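Okay, so here's the structure we're looking at.
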Amino acid sequence: MDNRRESSETLRNKCAACFRQYNRMEHLVEHMKVSYHSVHEPKCGVCQKHCRSLESLREHLIGPLPKVECAQVFSVRGCSICLNIFDSNTAVRYHRAACQYSRATPVMMPRGAISGRAVALACKMVGGGSDGSADLCARVCLIGEDENIIFQTYVKPTAPVTNYKYEVTGIRPEYLRDAMPLKLVQRRIQDILCNGEPLWKLRPRSSGRARILVGHGLDHDLERIGLEYPAFMIRDTAKYPPLMKTSKLSNSLKYLTQAYLGYDIHTGIQDPYEDCVAAMRLYIRMRSQAHPRDYASGSGEAQNNYPAWRQRELERMSPEELLALSASDYYCWCLDS
């Protein structure tokens with residue numbers, strides 16, 4: 001009898017998001033305080049379990065030790081790219097044709113015509129210093145949401161180049177001889193990003209004219225260009241929690257493109273346009289997730305809705321009621337839409 005009672009109590013203390021079970025209700029409350037579960041987390045379409053990242057969800061469905069019941073359903077009605085579950089095998093086949101991307105062909109956008117509020121940036125570096133290990137920006141590309149090129153140029157390095165890394169960059173010395181000076185590149189990019197709005201006037205979640213900057217590893221690119229841009233206007237696919245590894249390390253852009261867009265990049269000489277397109281497609285896919293319109297849980301302000309003075313009240317709540325109080329600790333890109 002005691003064993004049955006303990007089992008029932010443990011089941012009542014089961015997290016409604018990640019399904020972890022606790023012996024005591026206060027332990028579940030402590031778990032909810034630090035887990036930051038929310039409606040914005042990737043979720044299994046079969047058992048409705050919340051996962052911290054898409055990588056965790058992939059392991060849950062396809063990994064070396066998946067949950068058997070979910071894996072069986074997913075193998076018949078699941079899309080291995082977006083990880084969604086569909087009503088039938090036929091529906092999956094129709095969906096996959098649209099879900100899987102192919103390489104884009106570069107198209108130059110007429111100056112001044114930019115589609116959408118987001119722009120993607122990518123750079124290619126050559127090596128400087130005595131051993132060629134210092135990164136020098138040598139090529140820059142910006143595209144709009146329609147994947148057309150807004151701005152593209154070679155950049156005149158600010159120091160002598162000792163390694164052109166031709167096998168990766170495709171850059172030769174003659175390409176940089178009469179290239180655009182870095183100061184002019186900085187001004188052009190800042191003009192595109194700010195779009196006539198002073199940088200110091202930008203505010204979080206404002207409806208101004210400034211553009212959202214998308215990319216992969218943007219901290220490094222912006223540092224090499226010598227630009228500053230507010231963090232709340234940056235969408236970096238290398239630092240977005242749902243796209244990171246289970247261990248919270250960054251996935252490479254090459255892996256993210258293959259896993260979540262369904263095609264390969266970096267198969268030869270690397271073009272910054274290709275990186276821009278991949279980052280933009282990942283951003284739009286994440287922005288388009290059909291999450292409930294729960295703005296409190298996606299604010300990224302890490303609100304703690306479990307204060308100590310409510311402890312007794314919280315312990316009387318059901319796991320579902322506790323989950324309803326929980327807020328995300330990152331800004332979900334679905335809120336951009």
Side-chain angles (χ1 to χ4, degrees), residues 79-82 93-126 137-155 164-172 174-176 178-180 185 188-189 191-193 195 211-218 220-221 224-225 234-238 240 243 251-289 333 336-337:
C79 173
S80 59
I81 298 174
C82 66
R93 287 201 302 272
Y94 280 113
H95 160 81
R96 193 172 286 125
C99 193
Q100 183 166 359
Y101 284 87
S102 58
R103 290 175 182 271
T105 303
V107 178
M108 197 71 184
M109 174 71 86
R111 189 165 180 179
I114 301 176
S115 67
R117 195 185 176 193
V119 298
L121 166 74
C123 304
K124 287 303 168 189
M125 310 292 174
V126 292
C137 181
R139 195 177 177 192
V140 170
C141 181
L142 271 84
I143 68 166
E145 290 188 25
D146 57 3
E147 302 178 6
N148 291 338
I149 297 171
I150 301 167
F151 175 62
Q152 170 174 253
T153 186
Y154 288 103
V155 184
Y164 285 88
K165 306 178 184 179
Y166 176 77
E167 296 78 8
V168 175
T169 65
I171 296 174
R172 298 183 184 276
E174 55 268 27
Y175 298 168
L176 305 182
D178 298 315
M180 186 178 288
V185 172
R188 288 287 299 276
I189 295 175
D191 288 346
I192 291 168
L193 294 178
N195 194 25
R211 295 189 168 93
I212 292 169
L213 179 60
V214 177
H216 189 85
L218 281 169
H220 181 252
D221 287 349
R224 295 300 92 198
I225 298 171
I234 291 176
R235 307 290 182 262
D236 194 333
T237 56
Y240 187 51
L243 290 174
N251 279 306
S252 68
L253 184 59
K254 179 180 176 70
Y255 171 78
L256 292 175
T257 305
Q258 197 281 327
Y260 300 106
L261 300 177
Y263 71 99
D264 291 319
I265 62 172
H266 299 169
T267 56
I269 288 176
Q270 297 178 15
D271 188 336
Y273 172 78
E274 187 176 58
D275 291 356
C276 282
V277 169
M280 181 62 79
R281 288 174 174 177
L282 286 165
Y283 167 69
I284 291 175
R285 177 150 286 179
M286 295 298 105
R287 186 181 68 183
S288 303
Q289 305 248 358
W333 291 352
D336 287 346
S337 61

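For this chain, numbers begin at 1 and follow the sequence in order. Predicted model, so just to flag it, every value in this text is computed and none were measured. When reading the values below, keep in mind they use all heavy atoms of this one structure, side chains included, and skip hydrogens, waters and symmetry mates.
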inquiry  = Using side chain to side chain contact (heavy atoms under 4.5 Å, CB included), reason through I265 and Q258 one step at a time and then give a plain yes or no.
reply    = CA-CA 8 Å; I265 62 172; Q258 197 281 327; over 6 Å; no

task = Kindly determine whether H216 and T257 satisfy side chain to side chain contact (heavy atoms under 4.5 Å, CB included), including the steps that lead there.
result = CA-CA 11 Å; H216 189 85; T257 305; over 6 Å; no

inquiry  = Does either side chain, that of H266 or that of D275, offer a donor lying less than 3.5 Å from an acceptor on the other one?
reply    = yes

ask   = Under a 4.5 Å cut-off applied to non-hydrogen side-chain atoms, are D271 and K124 in contact?
value = no

ask   = Taking C-beta and beyond as the side chain, do Y273 and E147 meet within less than 4.5 Å on heavy atoms?
value = yes

inquiry  = Is there a side-chain contact between Y101 and V277 in this structure, where contact means two heavy atoms from C-beta onward sitting under 4.5 Å apart?
reply    = no

query = Got M286 and R235 here, is their nearest side-chain heavy-atom distance under 4.5 Å?
reply = no

ask   = Taking only residues two or more places apart in sequence, or in another chain, which ones meet R285 in a salt bridge (Lys or Arg N to Asp or Glu O under 4.0 Å)?
value = none

remark   = Shortest non-hydrogen pair, L176 vs V155, comes out as CD2-O, 3.6 Å

remark   = Tightest non-hydrogen contact, residues G217 and D236, listed as N-OD1, 2.8 Å

ask   = Are side-chain heavy atoms of I225 and L121 found at a separation under 4.5 Å?
value = yes

request  = Work out which heavy atom in A122 is nearest to a heavy atom in D221; give both atom names and the distance.
outcome  = CA-OD2, 4.1 Å

ask   = Would you find more than 12 non-hydrogen atoms of other residues, nucleotides or ligands less than 6.0 Å from Y94 atom OH?
value = no

request  = Identify the heavy atoms of I81 and G262 that sit nearest to each other, and give their distance.
outcome  = CD1-CA, 4.0 Å

query = How many angstroms lie between CG in N251 and CG in L256, if you round to the nearest 0.5 Å?
reply = 5.0 Å

query = Once you round to the nearest 0.5 Å, how far does CG of D264 lie from OG of S102?
reply = 12.5 Å

inquiry  = Quick check for you: to the nearest 0.5 Å, what is the distance between I143 atom CD1 and N148 atom CG?
reply    = 8.5 Å

query = Are any side-chain N or O atoms of E145 and backbone N or O atoms of A118, one a donor and one an acceptor, separated by less than 3.5 Å?
reply = yes

remark   = Scanning both residues in full, the closest heavy-atom pair of C79 with C99 reads SG-SG, 3.8 Å

request  = Enter the distance from R281:CZ to T237:OG1 here, rounded to the nearest 0.5 Å.
outcome  = 14.0 Å

note = OH of Y164 to CE of M125, rounded to nearest 0.5 Å, is 16.0 Å

message = Is the shortest side-chain heavy-atom distance between L213 and V119 below 4.5 Å?
response = yes

task = Using the test side-chain hydrogen bond (donor to acceptor under 3.5 Å, both in side chains), find all partners of Q152 that sit at least two apart in sequence or belong to another chain.
result = none

task = List the steps, then state whether side chain to side chain contact (heavy atoms under 4.5 Å, CB included) holds for L282 with Y240.
result = CA-CA 11 Å; L282 286 165; Y240 187 51; over 6 Å; no

ask   = Can you name the closest pair of heavy atoms from C82 and H95 and give their distance?
value = SG-NE2, 3.2 Å

ask   = Is there side-chain contact between Y154 and D178, with heavy atoms separated by less than 4.5 Å?
value = no

key: Distance in Å, E274 CD paired with I269 CD1, rounded so as to fall on 0.5 Å steps   = 11.5 Å

query = Are side-chain heavy atoms of C123 and R139 found at a separation under 4.5 Å?
reply = no

request  = Please list, chain by chain and in numerical order, all residues satisfying salt bridge (Lys or Arg N to Asp or Glu O under 4.0 Å) with R93, sequence neighbours excluded.
outcome  = none

key: Polar contact flag, side-chain donor to acceptor under 3.5 angstrom, Y166-R172   = yes

query = For I212 and Y283, what are the C-alpha separation, side-chain angles and deciding distance, and is it a side chain to side chain contact (heavy atoms under 4.5 Å, CB included)?
reply = CA-CA 11 Å; I212 292 169; Y283 167 69; 3.8 Å; yes

